[in-house]
Every structure is written in structure tokens, then in C-alpha cells.
Amino acid sequence: MRLATWNVNSVRARADRVVAFLERSGTDVLAIQETKCRDDQFPYLAFEAAGYEVAHVGFSQWNGVAVISRVGIDDVELAFAGQPGFAKAPAVASGPGVDGGAGQAPAAEDAPDPVHEARALGATCGGVRVWSLYVPNGRALDDPHYTYKLAWLDALRAQATRWLGEDPAAQVALVGDWNVAPLDTDVWDMAPFDGATHVSAPERAAFAAFADAGYREVSREHLPAEHTYTFWDYKQLAFPKNKGMRIDFAWASPALAERVTGVTIDREERKGKGASDHVPVILDLDGD
DNA sequence: ATGGTTGAGGGTCAA
């Protein structure tokens, strides 16, 4: 079986390209991120015509994740248990002569309700529990989205720990855009990332915690070469200059990791007109 | 060169 993950950066802008990838690569199950559409806008027909079923969750032009499968798609979950929503940091008292006021909790009635975002979808395909994951970007170290990102990763790790606890033999794939570059060699140059997200110690710790939970990041096991990227920004000729980042990964439960016979990063998908800024990461699994 | 690229929506915002 062939299982892949790809941040497609709008499934409507690239439906033909995604279908072509499925057919060319022989992918059975594809987890996509950043569909950038609501459910009612998803181009289901293009995938169904190619013989695939789709499970999608999307609420707006932001985020959106899906699993696309030709080996069945069951027990769909549109979020993981305990998945945090985004809430702005509590308002901080400020004004002339007021220095911060950090730590003062707002009145409870002033706290906004967290907004649930379409960033995780789970489905069982061909015996594998596949989670398509779009980890929050974080934006900046002092941004509320950064706190959200860390909380989101921690909550996912806690849930992933429970899944393995309930069934140590479970075949679980946690795949997607993690928005973390775990190693300095996962970016073209660390200098531009001084004080930036994606490379900070807390983000890297939150990512590495999945190993402590018993999972194996199988893409690096099979593709250990440094400066092997999965994303290149659209701006400033990043792809021709190979100024990329490795931020798309596949954490596999032990039983699934044992089945992985090879991993491919399809760099060709970054080429040509109409490319996403990410490329697919493809896992080959032995057996059905 | 004080910008550089996409996508969605029609507001700029997000990445």
C-alpha cells in the first residue's frame, strides 16, 4: 500500500494536479492539508471519477484537511479528542503609565470562546488509522498563535499516547504539515530563523515528544540526508535557489513503522506552473 | 529594487 501526505495549498486550485499525482504515483491513500475550502466547495467529483473516496473538513478559506482513499474510508473523525481551538490571549490592561499588566486574568465573561479550526481529520483506510494534520503555523514567538501551536501539539501527543495505550499493535499514521523544522539542517540556513518560529526549542521539543510517546518518524528513518526539503516559499526564487524547509513528516506507530519499506519526497511536484509550495511525502508499506 | 509570491475573496489576511 502507498500512503502519502501533501499540503496542497488549495484543493480547488490544484484538483487536476492532485488527481494526476494520485494516478502517476499509484497512491492509495492521500492525506492533504490546506484545502482552503468549505465542505460544500470541495471538488469531490474529480476524485470520485478517479476511483477515490474523500473525507474532508473545512469551515472557510483557511485550513481544511482531508483524506482521499481508494482502499476504503471508515470511522471518520473531524477532530481529535481534546483538539484545542484558537483563542486570543487575554486582553492586557495598558495605557499611559501602565507597564504591561501581564498575568492579570480578564473577567471570565470577557474571555473569547476558542474557535475550532479544521486542522485534523482521522479515517481508517486499508487497516491504517490515518490522521491528516495541519499544525498551526505559530506566526511569531510572541504571537498568541505560537502558544496555540504548542498547546495543539501537546494535546495531539497526549491523544496519540492514549491510542497506543489502548492498542499497542495499532497501525496509526500521523502525517501532515507539522510546521516544525526539527533539525538545523532542515532549513537552508539558520541565520534567517533567529528568533523565528518553526525552529524554536519548545516547538522542537513538542515535536520530539511523539518519539517519547512511542511513535517513529519514518520519513527521516528512510531519508536521513540533510537539507532534504518538503517546502519552498513562493517568494524570492526560493525553489530555484533551493532555500527550503523540511516541515512535512510522518509519525508512525511501531506496528506501522515496521511495515514501511521506503519513503519518497516528490520534489518534482514543486516544479512547473501551478505547483503547491509543499511536495508530497510518500510511504510505501508492505502487505495490503 | 524598502520589494520579491500565491490563494481566497472581493475586507485584506494568511502563509
Side-chain angles (χ1 to χ4, degrees), chain A residues 5-21 31-44 46 56-66 84-89 112 114-120 132-153 175-182 186-189 191-200 203 207 229-249 266-281:
Chain A
T5 182
W6 189 8
N7 179 323
V8 297
N9 185 27
S10 171
V11 71
R12 286 180 289 171
R14 252 174 285 291
D16 291 348
R17 195 162 176 145
V18 177
V19 170
F21 163 76
I32 59 173
Q33 301 86 38
E34 280 209 270
T35 60
K36 290 187 167 177
C37 67
R38 300 184 307 268
D39 291 344
D40 63 285
Q41 298 171 308
F42 194 98
Y44 293 102
H56 174 255
V57 59
F59 305 128
S60 69
Q61 68 269 49
W62 293 298
N63 314 308
V65 290
F86 174 72
K88 290 182 179 176
V115 177
H116 176 64
E117 298 182 320
R119 294 183 177 275
S132 181
L133 303 167
Y134 180 42
V135 176
N137 176 288
R139 301 192 184 184
L141 299 185
D142 61 354
D143 192 294
H145 290 86
Y146 179 75
T147 308
Y148 171 48
K149 178 181 194 174
L150 295 178
W152 203 96
L153 282 166
V175 301
D177 177 358
W178 292 76
N179 269 318
V180 177
D186 290 331
V187 298
W188 73 96
D189 178 5
F193 290 90
D194 187 29
T197 60
H198 294 61
V199 301
S200 73
E203 288 164 276
F207 184 83
Y229 307 132
T230 64
F231 163 86
W232 297 259
D233 199 288
Y234 286 122
K235 295 184 279 188
Q236 295 177 290
L237 300 174
F239 185 60
K241 295 177 180 176
N242 199 28
K243 292 185 173 182
M245 303 174 70
R246 187 173 193 170
I247 54 178
D248 299 270
F249 296 101
D266 189 359
R267 199 175 183 282
E268 293 300 304
E269 271 298 341
R270 186 62 181 81
K271 299 180 179 178
K273 186 173 176 61
S276 171
D277 43 4
H278 294 249
V279 296
V281 179

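Bear in mind the structure is a predicted one, so any value in this text is a computation, not a measurement. So that the names make sense, note that chain A is the first sequence line, chain B the second, and so on, each numbered from 1.
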If we take the [atom1] atom in both [N] and [M], what is their distance in whole Å?
N	M	atom1	result
B/dG9	B/dA14	C1'	13 Å
B/dA1	B/dT12	C1'	24 Å
B/dT2	B/dC13	P	23 Å
B/dG3	B/dG7	P	23 Å

[X] [atom1] - [N] [atom2] separation (whole Å):
X	N	atom1	atom2	value
A/Trp178	B/dA15	CH2	P	18 Å
A/His145	B/dC13	NE2	P	13 Å
A/Glu34	B/dA15	CD	P	7 Å

Task: Backbone of A/Lys36 reached by a side-chain donor or acceptor of A/Ser10 within 3.5 Å - done: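 A pair under 3.5 Å: no.
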Task: Qualifying residues under side chain to side chain donor-acceptor pair (under 3.5 Å), relative to A/Thr147, sequence neighbours excluded - done: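 With neighbours one apart ignored, the set is empty.
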Open item on the list: So, using side chain to side chain donor-acceptor pair (under 3.5 Å) as the criterion, who are the partners of A/Thr230 when residues are at least two apart?
Closed with: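 Applying side chain to side chain donor-acceptor pair (under 3.5 Å) to A/Thr230 gives A/Asp248.
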Task: Reading 5' to 3' through nucleotides 3-12 of chain B, protein heavy-atom contacts under 4.0 Å coded B for base, S for sugar-phosphate only, - for none - done: -BBSSSS---
Task: ring-ring contact (aromatic ring centres under 6.0 Å, His included) partners of A/Tyr134, counting only residues at least two apart - done: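 ring-ring contact (aromatic ring centres under 6.0 Å, His included) list for A/Tyr134, sorted by chain: empty.
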Task: With sequence neighbours excluded, residues passing salt bridge (charged side-chain N to carboxylate O under 4.0 Å, His left out) with A/Arg38 - done: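 If we apply the salt bridge (charged side-chain N to carboxylate O under 4.0 Å, His left out) test to A/Arg38, skipping adjacent residues, the hits are A/Asp40.
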- [ ] Assign A/Phe231 to base, sugar-phosphate, or nothing according to its heavy-atom contacts below 4.0 angstrom with the strands shown.
- [x]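 No contact at all - A/Phe231 keeps every heavy atom at 4.0 Å or more from the nucleic acid.
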For residues 235-243 of chain A, run the donor-acceptor check on the side chains, cut-off 3.5 Å, and write out each pair with its distance to 0.1 Å, sequence neighbours left out.
{"unit_1": "A/Asn242", "atom_1": "OD1", "unit_2": "A/Trp232", "atom_2": "NE1", "d": "3.0"}
{"unit_1": "A/Asn242", "atom_1": "OD1", "unit_2": "A/Arg267", "atom_2": "NH2", "d": "3.3"}

